[in-house]
2 protein chains.
Amino acid sequence: MKTSLVAVDLHGQGCADCAVRGFSVCASLDQFEMREFEHLSRRVNFASCETVFAQEDTSSFFYNLLDGVLRLYKLLPDGRRQIVGFVLPGDFVGMTTEERHGFSADAIGPVTVCQFAKMPFARFADDKPNLLRRMNELAVHELNQARDHMVLLGRRSAEEKVATFLVGWRDRLVELRGPSNIVPLPMSRQDIADYLGLTIETVSRTFTKLEREGIIAILPGGVSLRDSARAEALAAA
Amino acid sequence: MKTSLVAVDLHGQGCADCAVRGFSVCASLDQFEMREFEHLSRRVNFASCETVFAQEDTSSFFYNLLDGVLRLYKLLPDGRRQIVGFVLPGDFVGMTTEERHGFSADAIGPVTVCQFAKMPFARFADDKPNLLRRMNELAVHELNQARDHMVLLGRRSAEEKVATFLVGWRDRLVELRGPSNIVPLPMSRQDIADYLGLTIETVSRTFTKLEREGIIAILPGGVSLRDSARAEALAAA
DNA sequence: GACTTTCATTGATCTGAATCAAAGACCGGT
DNA sequence: ACCGGTCTTTGATTCAGATCAATGAAAGTC
């Protein structure tokens, strides 16, 4: 909720050695473009629970997540919250033509982002079809994810929701750090509930139920997918 | 559900006189680009309830809606349906880099679309930053809508859902055809239910409730927003 | 204009998830 | 190791919306 006072700003110490270089937006840039691009960005750190940007903020920056996890959420005036996505390293956030962000982003645990000022970035991208195409690709991909999530929110039971979330989250981590059925869950139960359109109690009960059924084991800080076939079946059907 | 056998294909009789020219993707093209663009598209008609493309179809075409309304939806294996959006003239659909569409589109009433083959379109767009930027803009806009809809599906009551839908639908029609508080609803109650993550009975009851409260009047083929301030209050909060 | 079919409304009942209410578990600080 | 806070789990109860079941109102069709 609070905004960073202690964020350490260090100029992007080269994109060449960036952890995210190979698979983020920047993957579409050649060597020379990259050289220029470096000067548009700077690294910023945020502590756990700090807000990277808020719903009502003017959208003057884009961010590329380098390390950590973000939650993106929207709040209704009465405080109800819907988490619209979790962000992992390599994901690009906040790209919008609109005046304001429309959603908030905050850090789940310590986070490092690569921050771009909107205007210089837009000027840079303006005549780079490869970058523009890559950004399109990312937007379309996110849109597809968003639509899948609509199906989940509108038409699935609590058990299906939780199973789908666990399988989906595992798959994203597998892509990032290699195969494993141990699924770390850095976000709280409340976060999971607000992502799935449930209450914290229902999430907790559903975890317990899945454990009783032998589908998962609940570990400190995460779960293990004991029977991923059955979890995937719940997620698919 | 069925696919068109009677679709009348007529070559785009000029984009210059196209109803949608001013505000769709094509708005970003200059006179010369437009000349070339014309040859990439052709008009196709669909009768009510015909499928423009299906979830599992290879995505070899994009579409620009010229006339009528489409519903976009996803089906779960067991038949549960989530409508992910309604498409109005000027909207661009089916743009994706992925192999398959991932959702189905069918006509609500007779429809005319402007159809583009994916490959030639991509080749055309490749070196047109203005068009690419416009497409980005549209994708980002859709993504914002999708996120708003997630909030609705995950965190709002039936009454709020219906009110939000009516106000939002009216606003889209106002943009298209000018101000009016009479809101034609070409889609069925079942469609509305599948859009809002409700059942048809709940939608029907909620309409009746809003009418009793004096917020709307139910008309054949639509509603009238009698007290749009109160409807908007329900939609906002 | 009667007849079938589809779609919308209304009513009665049920249920999955929400809400209300305690306990436990797990910190971080001292 | 102990304390105070936060987070998670579990239990009891309620309720919004789903399900089941008619009935009513349009829209074709012959």
Side-chain angles (χ1 to χ4, degrees), chain A residues 1-2 47-49 71 76 78-83 108-110 152-166 184-213 216-223 234, chain B residues 1-2 47-49 71 76 78-83 108-110 152-166 184-213 216-223 234:
Chain A
M1 290 298 171
K2 58 200 159 152
S48 193
C49 292
R71 71 180 148 247
L76 291 174
D78 64 359
R80 280 175 289 176
R81 184 176 72 154
Q82 176 67 45
I83 290 187
I108 297 176
L152 177 139
L153 290 169
R155 286 293 178 235
R156 321 200 85 185
S157 70
E159 194 179 19
E160 291 171 338
K161 284 176 174 182
V162 171
T164 305
F165 165 67
L166 291 175
L185 297 172
M187 69 291 285
S188 70
R189 293 288 190 269
Q190 186 62 64
D191 286 340
I192 298 174
D194 287 346
Y195 183 58
L196 300 177
L198 298 171
T199 59
I200 184 174
E201 293 95 329
T202 300
V203 170
S204 183
R205 276 186 247 275
T206 307
F207 269 73
T208 308
K209 189 177 172 212
L210 291 173
E211 184 166 53
R212 267 202 317 270
E213 289 169 338
I216 65 171
I218 299 172
L219 310 172
V223 302
L234 277 172
Chain B
M1 292 296 172
K2 60 201 158 156
S48 193
C49 292
R71 72 180 146 245
L76 291 174
D78 65 358
R80 280 174 289 176
R81 184 175 72 154
Q82 176 67 46
I83 290 186
I108 297 175
L152 176 139
L153 290 169
R155 287 291 177 238
R156 320 199 86 187
S157 70
E159 195 178 20
E160 290 171 338
K161 283 176 174 183
V162 171
T164 306
F165 165 67
L166 291 175
L185 298 171
M187 69 292 284
S188 69
R189 293 288 190 270
Q190 186 62 64
D191 287 340
I192 298 174
D194 287 346
Y195 182 58
L196 301 177
L198 299 170
T199 59
I200 183 174
E201 294 94 331
T202 300
V203 170
S204 184
R205 276 186 248 274
T206 307
F207 269 74
T208 308
K209 189 179 173 211
L210 291 173
E211 185 166 52
R212 267 201 316 270
E213 290 169 336
I216 66 170
I218 299 171
L219 310 173
V223 302
L234 276 173

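Lettering follows sequence order; numbering is per chain, from 1. All values below come from the heavy atoms of this structure, side chains included, with hydrogens, waters and symmetry mates left out.
In this model, the phosphate group of D:dA18 is approached by a side-chain N or O of B:T202 to a distance below 4.0 Å at OP1 or OP2.
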Going through the distances and angles, do B:V162 and B:K209 end up as a side chain to side chain contact (heavy atoms under 4.5 Å, CB included)?
CA-CA 11 Å; B:V162 171; B:K209 189 179 173 211; over 6 Å; no
Are A:M187 and A:I83 close enough, and set up right, to give a side chain to side chain contact (heavy atoms under 4.5 Å, CB included), and what steps lead you there?
CA-CA 11 Å; A:M187 69 291 285; A:I83 290 187; over 6 Å; no
Stepwise side chain to side chain contact (heavy atoms under 4.5 Å, CB included) check, B:R205 with B:T199:
CA-CA 10 Å; B:R205 276 186 248 274; B:T199 59; over 6 Å; no
The test is side chain to side chain contact (heavy atoms under 4.5 Å, CB included); show your working for B:R81 and B:D191 and say whether it passes.
CA-CA 9 Å; B:R81 184 175 72 154; B:D191 287 340; 2.7 Å; yes
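Rounded to an integer number of Å, the gap from NZ of A:K209 to C1' of D:dT10 is 16 Å. The distance between atom CE of A:M187 and atom P of D:dT6, rounded to the nearest whole Å, is 22 Å. Distance B:L219 CG to D:dA26 C1': 15 Å, rounded to the nearest Å. Residue B:R205 contributes atom CZ, which lies 13 Å from atom P of D:dA16 at whole-angstrom precision. Protein atom CD of A:E201 is 14 Å distant from nucleotide atom P of D:dG11, rounded to whole Å.
Within residues 189-200 of chain A, the residues that place at least one heavy atom under 4.0 Å from DNA chain C are, in residue-number order, A:G197, A:L198, A:T199. The stretch residues 152-163 of chain A comes close to DNA chain C through A:S157, A:A158, each having a heavy atom under 4.0 Å from the strand.
With rounding to the nearest 0.5 Å, the separation of CD1 in A:I218 from CZ in A:R212 is 10.0 Å. In this structure, the separation between CG on A:L166 and CD1 on A:I192 is 7.0 Å, given to the nearest 0.5 Å. The structure places CG of A:D194 at 13.5 Å from CZ of A:R189, a figure rounded to the nearest 0.5 Å. Note that the CD atom of A:E211 and the CG atom of A:L219 stand 8.5 Å from one another [nearest 0.5 Å]. Between the CZ atom in A:R156 and the CG atom in A:L196 there is a gap of 11.0 Å [rounded to 0.5 Å].
Using a 4.0 Å heavy-atom distance criterion, A:S188 is classed as a sugar-phosphate-only contact.
For DNA chain C, the outermost nucleotides in 5' to 3' order that have an atom under 4.0 Å from a heavy atom of chain B are C:dA8 to C:dA12.
Between the side chain of A:T206 and the main chain of A:T202, a donor-acceptor pair closer than 3.5 Å is present. For B:R155 (side chain) and A:L198 (main-chain N/O), a donor-acceptor pair under 3.5 Å exists by modelled atom type.
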